[in-house]
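What follows is a set of notes on a single structure, which appears directly below.
Treat the numbers as computed from the prediction; the structure is a model and nothing was measured.
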Amino acid sequence: MEARRLAILCSHLNPSAPYPTRDSILRASDCTSGSSDDDEKVNSSNLQNDCVFCKIVRGESPCLKLYEDDMCLCILDTSPLIHGHSLIIPKLHYPTLEQTPPSVVAAMCSKVPLISNAIVKATDSDSFNLLVNNGAAAGQVIFHTHIHIIPRKERDCLWASESLRRQTMKLDKEASQLALRVREQLCRVPEELLVHPSS
């Protein structure tokens, strides 16, 4: 699994040496929505037995937890691209982004400013990339929706593609046809999903 992930990501990555670990105390998620005894466990019917993220949510696999609420969990990536590389995962199992309810995606995304700010400060970084690998061809290795927060420093050369010169889009027949095909796909989406994405 790791070799496949690296093969896909390394096409854009200038690998760096592994960072030294410090205070690497592993802690299992307790899978509760809060600290109260009245809180219910996450519905296990929506968790997969063989999914590493579901095992983390259930407290069966260790993780370095950064943040947790009733909808999502943020952990340090165990195979980081760079020091501080973190993941926001929903507490329920959804294999891909399009299978994840809009309300869950919204809950995950609403935590990005808070969590990314803390990661950027803690790693003395300048900025961050927000990334979703959705589907095998895009580099998704763990089929449980997740968002990567990757802290960045100026001239860290993490993505080789950043040094490539971008091509200006030609406003030609091919581009117009692409825009038309995307609009046709959007017209097939039920209107309530376009108007009220969090319902």
Side-chain angles (χ1 to χ4, degrees), residues 5-6 8-10 12-35 42 51-54 56-57 61-135 138-163 166 197-198:
R5 179 181 188 190
L6 288 175
I8 293 168
L9 293 176
C10 282
H12 301 291
L13 175 67
N14 183 5
S16 59
Y19 64 91
T21 59
R22 194 176 82 132
D23 299 324
S24 56
I25 300 168
L26 297 178
R27 182 171 177 224
S29 168
D30 64 3
C31 203
T32 60
S33 60
S35 59
V42 173
C51 172
V52 66
F53 290 162
C54 290
I56 288 171
V57 169
S61 289
C63 70
L64 289 169
K65 189 187 312 182
L66 304 179
Y67 174 88
E68 182 175 16
D69 63 22
D70 60 335
M71 297 280 286
C72 60
L73 178 66
C74 181
I75 60 175
L76 286 176
D77 193 319
T78 58
S79 300
L81 297 175
I82 197 164
H83 185 58
H85 180 171
S86 304
L87 306 170
I88 300 176
I89 62 174
K91 286 191 166 182
L92 298 178
H93 185 88
Y94 305 102
T96 61
L97 193 60
E98 60 268 13
Q99 293 172 306
T100 307
S103 60
V104 175
V105 175
M108 294 168 62
C109 289
S110 71
K111 305 307 181 287
V112 170
L114 172 75
I115 297 169
S116 63
N117 186 46
I119 292 168
V120 165
K121 287 179 179 177
T123 59
D124 292 322
S125 298
D126 304 315
S127 53
F128 68 96
N129 286 114
L130 191 63
L131 176 70
V132 175
N133 297 325
N134 191 60
Q140 185 176 5
V141 176
I142 299 173
F143 286 85
H144 180 125
T145 296
H146 56 286
I147 299 172
H148 297 258
I149 298 176
I150 304 169
R152 301 294 305 276
K153 294 182 180 179
E154 191 174 349
R155 291 187 286 280
D156 63 13
C157 300
L158 183 62
W159 306 115
S161 62
E162 290 174 337
S163 62
R166 293 183 180 231
S198 62

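In terms of modelled atom types and a separation under 3.5 Å, the side chain of N129 and the main chain of L131 share no donor-acceptor contact. Between the K91 side chain and the D69 main chain, a donor and an acceptor come within less than 3.5 Å of each other. Between the side chain of D126 and the main chain of E154, a donor-acceptor pair closer than 3.5 Å is present. The closest donor-acceptor contact from the side chain of S125 to the backbone of K121 lies at 3.5 Å or more, if one exists at all. Listed for the E98 side chain is no donor-acceptor partner under 3.5 Å among the backbone atoms of T100.
Within the 4.5 Å cutoff, the side chain of I149 has heavy atoms near those of the I115 side chain. Taking the side chain as every heavy atom from C-beta outward, L158 and R152 approach each other to under 4.5 Å. Side chains of V105 and L97 form a contact here, defined as non-hydrogen atoms less than 4.5 Å apart. Residues I75 and L64 form no side-chain contact, since every pair of their non-hydrogen atoms from C-beta on lies 4.5 Å or further apart. Using a 4.5 Å cut-off on side-chain heavy atoms (C-beta onward), K111 and C72 make contact. In this structure, the side chains of M108 and T145 come closer than 4.5 Å at one or more pairs of heavy atoms. Put simply, the side chain of V132 does not reach to within 4.5 Å of the side chain of H148, judged on heavy atoms. Inter-residue side-chain proximity for Y67 and L114 is flagged as met; some heavy-atom pair is nearer than 4.5 Å.
Ring centers of H83 and H85: at least 6.0 Å apart, outside the cut-off. In this structure, H144 has its ring center no closer than 6.0 Å to that of Y94.
Between G84 and I119, the closest heavy-atom pair is O-CG2, 3.6 Å. Taking both residues in full, the closest heavy atoms of Q99 and T96 are given as OE1-OG1, 2.9 Å, listed atom of the first, atom of the second, then distance. Of all the heavy atoms in I82 and P151, the pair that sits closest is CG2-O, 3.4 Å. For the residue pair S86 and L76, the shortest heavy atom distance occurs at OG-CD2, 3.5 Å. Counting all heavy atoms, side chain and backbone alike, L87 lies closest to F53 at CD1-CZ, 3.6 Å. Minimum heavy-atom separation, S127 to V120: O-CG2, 3.6 Å.
Using a cut-off of 4.0 Å between Lys/Arg side-chain N and Asp/Glu carboxylate O, K153 and D124 are scored as not salt-bridged.
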Please walk me through it: do V104 and M71 pass side chain to side chain contact (heavy atoms under 4.5 Å, CB included)?
CA-CA 7 Å; V104 175; M71 297 280 286; 3.8 Å; yes
Does the pair V141 and N133 meet the rule for a side chain to side chain contact (heavy atoms under 4.5 Å, CB included), with working shown?
CA-CA 8 Å; V141 176; N133 297 325; over 6 Å; no
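To the nearest 0.5 angstrom, F128 atom CZ is 11.0 Å from T123 atom OG1. Atom CG of L73 and atom CG of L66 lie 8.5 Å apart (nearest 0.5 Å). Note: I147 CD1 to C74 SG = 9.5 Å, rounded to the nearest 0.5 Å.
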